[in-house]
There are 2 protein chains.
Amino acid sequence: MFLSTFHNRIDKKARVSVPSAFRLALAGEAFQGVVLFRSYRHEALEGCGLVRMQQLSQRLDQLAAFSDEQEQLATSIFADAEALSFDSEGRVTLSDRLRAHAGLEEEAVFVGQGATFQIWQPKLFEQHLAKARERAKAQKLSLAGINLPGLNPSTAG
Amino acid sequence: MFLSTFHNRIDKKARVSVPSAFRLALAGEAFQGVVLFRSYRHEALEGCGLVRMQQLSQRLDQLAAFSDEQEQLATSIFADAEALSFDSEGRVTLSDRLRAHAGLEEEAVFVGQGATFQIWQPKLFEQHLAKARERAKAQKLSLAGINLPGLNPSTAG
DNA sequence: TGGTAATCTATGGGATAGCATGGGAATGGG
DNA sequence: CCCATTCCCATGCTATCCCATAGATTACCA
C-alpha cells in the first residue's frame, strides 16, 4: 500500500529517492523498481509496481468488457510506461520526457494513492490538493459505501 | 474495538504511547502500528489499523479504475494518511503535519470510537465534548431505536 | 487478610542504524 | 574516443532501537 506524501530532492543527474515506505510496499516483487507513466489527467506522473501492470495487462486481454475509450487509454499507458529499477540506494532516474510532463525540476512530491502513487511538482500538488480536499468535503463522499470518520458527516458521534 | 479515553504525554521527540488497550485491539494485525490522518471535521486526528485502510483501498480499486471520483477520493484519503509503527515500547512518533493540524504539543487524548479512534489536544477535546453533550441533550438523541439503559432517559425506572 | 514481590505501563534519554543526498569512478554504447 | 548511465563510497541528519526508571496494579504467599 502506498500511503502518505513524501518530499524528495531531484539531483543534477535526475535521480530521486523513492520513499523507503514505498520501496517497502514493493519489497515482495521480483522486479525491484517502479513503473512510471504520464498522467493523462494531470500535469503529474502515475506510478506503481510491475506486478500491477502485469495484472492490468491480463485483465485487458481476457475481458472484452472494456469500452473503446478505456482500451485506448490502457494502450497509451503501456506505450508510455517506463520501468525504472532502483539503484543500490533506492533511487530511480527520471527521463526527460517524464520530467517535462510533470514540470519536475529540483523537487518531487510522492503521493500515496493506495494501490498506486503519483509524483508531482510541489507547487502543482499544493494546488491540486486544495482542490481535491474542497471538492471531497463538498460532495460528502459516499462512494461504494465507504464510511470513514472525518470524511462522512453522517458518522458523527 | 477502541473503547474509553486515555491521556498520554508527548515527549520532546514527538513520541506518544498508544494506550495498551488500543494496541491490544490491533494485536491480530500483521502491521504492528496505527494509521493516522487529519480529521476533516475536527481539529483532531483520526486513527485505525492498516487492515481497514487496505479494505478501503481494495474497494476503491475495484470500483472504477481511472475515474475522476476514484482518484479524488484516493488522494483525499491515502495521501494524507500515515502508517506509524509501534516502537518496542508501544509508542509512535507524530509528524509535524499531524501535530500541527490537531494543535498537539505536550499531551494527547486518545478517544475510542469503536472501529476507529481520535487523538485530541486536551483543551480542544474538552470543548468538543461539552458541545457534543449539549447537542445530545437538546436533541434527546437516541441510537436509531436502540434502547440502552443509561443512555435513553425514557428507560429509567 | 495483609504484606511483599513481580509485572506492566508510561515515560525519558543515549546510542545506533538507516535514509536521503551528493560526488566521483567505472562501464558501455554510439 | 566521448558522453551518458550505472555503480560505489562518503556524509549529515533523523528515526529507531535499546536500556533505565517510576508508578500503579496485579499476583503470590504466608
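If you're wondering where the values come from, they're calculated on a predicted model, not measured in any experiment. Below, chains carry the letters A, B, ... as their sequence lines are ordered, and counting in each starts from 1. Note: hydrogens, waters and symmetry copies are ignored here, and every other heavy atom, side chains too, is used.
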Which residues, if any, of residues 93-112 of chain A bring a heavy atom under 4.0 Å of DNA chain D?
none
In whole Å, I'd like the distance from the CG atom of B/Asn8 to the P atom of C/dT9.
12 Å
If the threshold is 4.0 Å, N to carboxylate O, is there a salt bridge linking B/Glu82 and B/Arg97?
yes
What do the steps show when you test B/Phe117 against B/Phe22 for ring-ring contact (aromatic ring centres under 6.0 Å, His included), and what is the final call?
CA-CA 9 Å; B/Phe117 61 89; B/Phe22 286 15; 5.2 Å; yes
Short heteroatom pairs, N/O only, protein and nucleotides 26-30 of chain C, under 3.5 Å:
none

When the distance from CZ of A/Arg9 to C1' of C/dA20 is rounded to whole Å, what number comes out?
11 Å
Specify the separation, in whole Å, of atom NE2 of A/His7 and atom C1' of C/dA20.
14 Å
Using atom CD of B/Glu89 as one end and atom P of C/dT9 as the other, report the distance to the nearest whole Å.
12 Å
Measure from CG on B/Asp11 to C1' on C/dG14 and round the result to the nearest Å.
13 Å
B/Glu71 and A/Gln118: side-chain donor and acceptor closer than 3.5 Å?
yes
Salt-bridge present (B/Asp87, B/Lys13; N to O < 4.0 Å):
no
Once you round it to whole Å, what is the distance between C1' of C/dG12 and CZ of B/Arg91?
7 Å
Between C/dT21 (P) and A/Asp87 (CG): distance, integer Å
12 Å
Walk along DNA chain D from 5' to 3' and tell me the first and last nucleotide with an atom closer than 4.0 Å to a non-hydrogen atom of chain B.
D/dT16 to D/dC19
Short of 4.0 Å, heavy atom to strand atom, which residues of residues 12-26 of chain B count as contacting DNA chain D?
B/Lys13, B/Arg15
Residues within residues 79-86 of chain A bordering DNA chain C, heavy-atom distance below 4.0 Å:
none
For A/Val51, the other hydrophobic cluster members (4.5 Å side-chain criterion, sorted by chain and number) are none
N-O pairing of B/Arg15 and B/Glu89 below 4.0 Å:
no
Between the side chains of B/Glu46 and B/Ser39, does any donor sit under 3.5 Å from an acceptor?
yes
B/Phe86 side, atom CZ; B/Thr93 side, atom OG1 - distance, nearest 0.5 Å
12.0 Å
Measuring from B/Leu98:CG to B/Asp80:CG, what's the distance to the nearest 0.5 Å?
7.0 Å
Going from CD on A/Gln113 to OG on B/Ser57, what distance comes out if it is rounded to the nearest 0.5 angstrom?
10.0 Å
